[in-house]
Trainee: 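Right, I'll just put the structure down here and ask away after.
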2 protein chains.
Amino acid sequence: MSLQVVAIRDAREAPIPLSQPGLSSLFDRQPLERFDAGSAVFWEGDDAAHLFQVTAGILRAVRLLSDGRRIIVGFLRPGDLLGVSLKDRYLYTVEAITPVALRRLSRRRFEEEIRRQPQLRDQLFSRLCDEMTAAQDQTVLLSRRSADEKVANFLLMMSRDEFGNCTRIVDIPMTRLDMADYLGMTIETVSRTITKLTNSGIITATGRRSMMVLKMDALRSLADGDNGETGCCQRVRDMPPHRDGLTVWKSA
Amino acid sequence: MSLQVVAIRDAREAPIPLSQPGLSSLFDRQPLERFDAGSAVFWEGDDAAHLFQVTAGILRAVRLLSDGRRIIVGFLRPGDLLGVSLKDRYLYTVEAITPVALRRLSRRRFEEEIRRQPQLRDQLFSRLCDEMTAAQDQTVLLSRRSADEKVANFLLMMSRDEFGNCTRIVDIPMTRLDMADYLGMTIETVSRTITKLTNSGIITATGRRSMMVLKMDALRSLADGDNGETGCCQRVRDMPPHRDGLTVWKSA
DNA sequence: CGGATTCTTGAGAGCTGTCAATCGTTGTGG
DNA sequence: CCACAACGATTGACAGCTCTCAAGAATCCG
């Protein structure tokens, strides 16, 4: 098979002991490279010769199906690593959504360093695992959740600042199309859902690309499901009834 | 965050040089444990004290959402590793679908061995990466594909033998409910789709739990999309028209 | 200001989920 | 051996959600 990791998230929530040099340190001395909004850092199919660390800005990782369908595999934020791979070609196109600043490292050199410093390999492994979990969560989100739940989850994701805290002001630098292709929906449904949230008084638009969450609890209960709660150790053998996760706020 | 790998697939397609002892060798001396069909190997939330290697049989990794929705994260086959984790609790329940034989290793001992033998770590890393890719492919499958495409993909997956070759005879040991919870559908839609495939002459039932593929090409073109073709390096900037991937066989 | 792009909104169709009934198989017990 | 229950699978009718197609509004940018 093949592997390519879209982004290795900076493990902000579970900080690694800082006594050791982190993966980021590999990039510290590299010069800053800037990309305009809309430009591509690399293309799907390109030779995977470099890794990048995001210093500033937001990017999207895009994959195109043969029939033209477009899928956004993930969004990249400052601190994320980009281009980690065991394949020699990039499997995704990565484009800047906002103006972006990156530091670049050759793959050869990166792998050398990883080989030389065991603690870096541990970190890489650990981050890969986080990425794995994120991918599976995304799978769950896409497979079993309604448009409302998807959008609520997305907004909560975007409302997290760099320390993982929830802010009431949410910046949405990406377009509706980006959101749609990330959530497996159409732009129309995304738009309608946001309108619905606004009409419900859960959020309010504060600008073209930003909004404020008025009822954080309502948004959370919409996002719903198993957010945060992992092991509840249920021993259900027969099929539990399928419930609609939305009734809560439909009446709001 | 959290991580837990459902299954580390045996990298059958890209065999690792056999000169070195593989991950499997760690389990070779462990006694065989048998589980009846329907029984659980471990439960979501249990202490993640052991790893398992599947010797025979098929299992499912199940996750339950708080609202009762059931998700099958993956199916496990002989050769797969099971319970690889960085967390101390299992995030999934794993149940035997058929009678199963496993070999067990304590997590402590597994991690010791991994630490001691660098080439094992490389293998683990590599498998983790494969698993990662599989998770992302699953994400794509679930987010952007119709019921027909999903089922076609599933059947192709099940038609792969242990060497990765496609066989015409397909065994489906799992129930419709398992398929549905894996594909993000309902049992009714799964059933209807299979009926449709049968009526189209693409497959035919050869037994209660097995079928034969009559038109492999048709099934493949149904499964469609970017199966196998990864980097086509398209530089499409504007949104391509969404096409129905099914018209081909609807007229068949 | 004007054009291009993005976003919103509406109407209608199609697909999938829901509810419900039936069929077929399996397994148990008389 | 048959009757019956239990379970899984199939099929039908219908509703609801999301997609599609289309038009219009809002915003951005030259």
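In this text, all values refer to a predicted model and were calculated from it rather than measured experimentally. Sequence lines set the chain letters: A, B, ... in the order given, protein chains first and strands last, and positions in each chain run from 1. The analysis underlying the following values was restricted to heavy atoms, covering all of them including side chains, and did not include hydrogens, waters or symmetry mates.
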Trainee: Hey, does Ser191(A) reach any base, or is it just sugar-phosphate, or nothing, if we go heavy atoms under 4.0 Å?
Mentor: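 Base contact.
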
Trainee: I want to check one thing: is the phosphate of dC15(C), taken as OP1 and OP2, less than 4.0 Å away from some side-chain N or O of Ser146(B)?
Mentor: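 No, outside the criterion.
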
Trainee: Starting at atom CE of Met179(B), determine the distance to atom P of dG17(C), rounded to an integer number of angstrom.
Mentor: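 Atom-to-atom, Met179(B) to dG17(C), this comes out as 13 Å.
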
Trainee: Quick check on Arg168(A): does its CZ atom have over 12 non-hydrogen neighbours (other residues, nucleotides or ligands) under 6.0 Å away?
Mentor: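 More than 12 heavy atoms, drawn from other residues, nucleotides or ligands, come within 6.0 Å of this atom.
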
Trainee: Atom CZ of Arg176(B) and atom P of dG17(C): how far apart are they, to the nearest Å?
Mentor: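 Answer to the nearest Å: 15 Å.
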
Trainee: Closer than 4.0 Å, any side-chain N/O of Thr186(A) to the OP1 or OP2 of dC19(D)?
Mentor: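 Yes, such a contact exists.
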
Trainee: NA contact type, Arg208(A), heavy-atom cut-off 4.0 Å: base, sugar-phosphate, or nothing?
Mentor: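 Base contact.
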
Trainee: Could you state the atom-to-atom distance from CG of Leu142(B) to P of dT16(C) in whole Å?
Mentor: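 My rounded result for the distance is 13 Å.
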
Trainee: At less than 3.5 Å, do the side-chain atoms of Glu188(B) and the base atoms of dC19(C) form a donor-acceptor pair?
Mentor: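 A donor-acceptor contact between them is present.
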
Trainee: Can you tell me the distance, in whole Å, between the CG atom of Leu177(A) and the P atom of dT8(C)?
Mentor: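 It is 13 Å, rounded to the nearest whole Å.
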
Trainee: With a 4.5 Å heavy-atom cut-off, do Arg103(B) and Pro31(B) have their side chains touching?
Mentor: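 They are not in contact (no side-chain heavy atoms under 4.5 Å apart), so the answer is no.
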
Trainee: Is any side-chain heavy atom of Arg145(B) less than 4.5 Å from a side-chain heavy atom of Arg69(A)?
Mentor: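 A side-chain contact under 4.5 Å exists here.
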
Trainee: Within a 6.0 Å radius of atom CZ on Arg209(A), are there more than 12 heavy atoms belonging to other residues, nucleotides or ligands?
Mentor: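 Yes, the 6.0 Å shell around CZ holds more than 12 heavy atoms from other groups.
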
Trainee: Does the side chain of Thr189(A) get closer than 4.0 angstrom to OP1 or OP2 of dC19(D) through an N or O atom?
Mentor: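 So the side chain of Thr189(A) is within the cut-off, an N or O lying under 4.0 Å from OP1 or OP2 of dC19(D).
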
Trainee: Within this structure, what is the CZ-to-P distance between Arg145(B) and dC15(C), rounded to whole angstrom?
Mentor: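 Nearest whole value for this atom pair: 17 Å.
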
Trainee: Can you measure Met185(A) atom CE to dC15(C) atom C1' for me and round it to whole angstrom units?
Mentor: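 Going from CE in Met185(A) over to C1' in dC15(C) covers 16 Å.
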
Trainee: OP1 or OP2 of dG8(D) versus the side-chain N and O atoms of Arg209(B): is any pair under 4.0 Å?
Mentor: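 No, no such contact exists.
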
Trainee: Just by distance, no angles: are the side chains of Thr189(B) and Thr186(B) close enough, under 3.5 Å, to form a donor-acceptor pair?
Mentor: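 Indeed, the side chains of Thr189(B) and Thr186(B) share at least one donor-acceptor pair under 3.5 Å.
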
Trainee: What's the CG-C1' distance between Asp181(B) and dG8(D), to the nearest Å?
Mentor: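 Taking CG of Asp181(B) and C1' of dG8(D), I get 14 Å after rounding.
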
Trainee: Report yes or no: is there a donor-acceptor pair, N or O only, under 3.5 Å between the side chain of Arg192(B) and the base of dG12(D)?
Mentor: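 It does, because a donor-acceptor pair links the side chain of Arg192(B) to the base of dG12(D) below 3.5 Å.
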
Trainee: Using a 4.0 Å heavy-atom cut-off, does Gly184(A) contact any base of the nucleic acid, only the sugar-phosphate backbone, or nothing at all?
Mentor: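 Sugar-phosphate: the residue Gly184(A), judged by heavy atoms under 4.0 Å, touches backbone atoms but no base.
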
Trainee: Take the protein atom CD1 of Ile187(A) and the nucleotide atom C1' of dG10(C), then report the distance between them rounded to whole Å.
Mentor: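 That distance rounds to 14 Å.
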
